[in-house]
Protein chains: 2
Amino acid sequence: MSQIQVKTPLKSQNLSDILIEAIVSGDISAGSKISEPELARRYGVSRGPLREAILTLQGIGLVERLPHVGARVVELNKQQLLDIYAIREALEGMACRQAALAMSQSDIDQLEALLNHHQDYLQQNEGQRYFEQDGDFDFHYRIIQASANKHLIGLLCDELYHLLRMYRRQASNHISRPNRALNEHRAIWQALADRDADLAEILMRRHIGRARKLIEQQVDAQAFTSSKGEK
Amino acid sequence: MSQIQVKTPLKSQNLSDILIEAIVSGDISAGSKISEPELARRYGVSRGPLREAILTLQGIGLVERLPHVGARVVELNKQQLLDIYAIREALEGMACRQAALAMSQSDIDQLEALLNHHQDYLQQNEGQRYFEQDGDFDFHYRIIQASANKHLIGLLCDELYHLLRMYRRQASNHISRPNRALNEHRAIWQALADRDADLAEILMRRHIGRARKLIEQQVDAQAFTSSKGEK
DNA sequence: CATGGCCACATTGTCAACAATATGTAGTTT
DNA sequence: AAACTACATATTGTTGACAATGTGGCCATG
């Protein structure tokens, strides 16, 4: 019947999502220790599912665990962030290449509509913040999905992107150049529409490489980590 | 004292390694179901650590889990294998680029020694099998390590390579061209020694891309999956 | 005063039992 | 005979208790 069978979600799976959000949003700050008893109490579950959620976070790379010591939220220093951008450059470049070959015409049309949408936001420059954050993610996300490479999608969307979002929120001094980024997005779209895989890949790599260079230029000390230690 | 404090390893961590080896070696065959009670009995542990080990395997991508149903060892079809090779091409290409800039002269020398070693094995063509399997891994492994990119090393050595090893063992018809591969390794080494990052990356990508093309040419049906279902 | 060992405490790792869900079987109905 | 239902069974998800390990504080000693 119209009654949709809503399966009760697993606590451990729920917890993963909740904890990811808590960490990415900074609710649980970088470098802080994850106390199993405390979190178990806070979220009203036993330590079993909680530990499984932590295991998942470890797989994503959001926490690091030491035997008999516990888990800590990772701290991204500049070098690690650059390392991640290098990975992103390689993987998203490949995703873009595969998307150029695999994506449907309707995907291409929808992507163009998204770009027009972004342009509108940018012209009435009230929505600038939207474009910098979610808008940029939207564009990249769709291309990754269009690659139709399941493992690649998993790596980028389930693992790396959480780390990126976490960083962008932490780094108040995150530089971005919305207009230039939009132009680059347009160029990438054109290559995709032309089914030019080589160009699509190289444009995406340069696009991400430029973002990496901006990070390189930043002085080290600033705001990568919020508060050292925290017990 | 000379008494080295050998910390007793965690059961869950131990189990991960044991299970990975069992799956990669085919001891637990592809597509088969992972029964928690059975494995717990077999390895003499409780279901707690076992579940944590399975979670880890899921993170690596060796098993897939469905809520309230359980975990199954993944089956690699041709498309998924090609997908993985695309990822490998992108990531190892980047690793090679970074290694060209980061690796020490002693790393370079040791890598050359390894290649000479491989050449010896190949000339007395008794050791051909060694070169095809572990020798090839050795070479790639060292370059990845030399990239000094912690996340990249983790992705390639802790996640992707288990899947690759699993495939190579399953696919009895795994084609390889040892002499050509060695030549390509030499060319990559030269680019690394010259600190030519651009060339090093493109050579590594082509090297892996060629392996991917060999897979593409294989007929689909053969031996990717051993036995369907197995209850 | 600094250093090192001892001890109590807190946290993590593991276990066995209980609850919730899926699977397979038998029986019934059309 | 096919299909649907109800039930029994096995497996997974979760819980609370117990064991093992790390941490911090206290005291003694140099």
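Letters go in sequence order (proteins before strands), and every chain restarts at 1.
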Output the rounded distance in Å from [atom1] ([X]) to [atom2] ([N]).
| X | N | atom1 | atom2 | value |
| --- | --- | --- | --- | --- |
| A/Leu10 | C/dA19 | CG | P | 18 Å |
| B/Arg41 | C/dT14 | CZ | P | 20 Å |
| B/His68 | D/dT12 | NE2 | C1' | 7 Å |
| A/Glu36 | D/dG16 | CD | C1' | 14 Å |
| A/Gln13 | D/dT12 | CD | P | 15 Å |

Are any of [X]'s side-chain N or O atoms less than 4.0 Å away from OP1 or OP2 of [N]?
| X | N | answer |
| --- | --- | --- |
| B/Ser12 | C/dG13 | no |
| A/Lys33 | C/dT12 | yes |
| B/Lys11 | D/dT21 | no |

**salt bridge (Lys or Arg N to Asp or Glu O under 4.0 Å): pairs with one or both residues in residues 48-60 of chain A, sequence neighbours excluded** = A/Glu36-A/Arg51, A/Arg51-B/Glu52, A/Glu52-B/Arg51
**Message:** Using the side chain to side chain contact (heavy atoms under 4.5 Å, CB included) criterion, which residues pair with B/Lys213? Sequence neighbours excluded.
**Reply:**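 Side chain to side chain contact (heavy atoms under 4.5 Å, CB included) check on B/Lys213 returns B/Glu216.
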**Complete:** Minimal heavy-atom distance between A/Ile60 and A/Leu163, with the atoms involved, is O-CD1, 4.3 Å
Salt bridge (charged side-chain N to carboxylate O under 4.0 Å, His left out) against [X], all qualifying residues, sequence neighbours excluded:
| X | value |
| --- | --- |
| A/Arg41 | none |
| B/Arg142 | none |
| A/Arg88 | A/Glu92 |

**Asked** Is there a residue in residues 42-66 of chain B whose heavy atoms reach under 4.0 Å of DNA chain D, and which residues are they?
**Response** B/Arg47, B/Arg51, B/Arg65
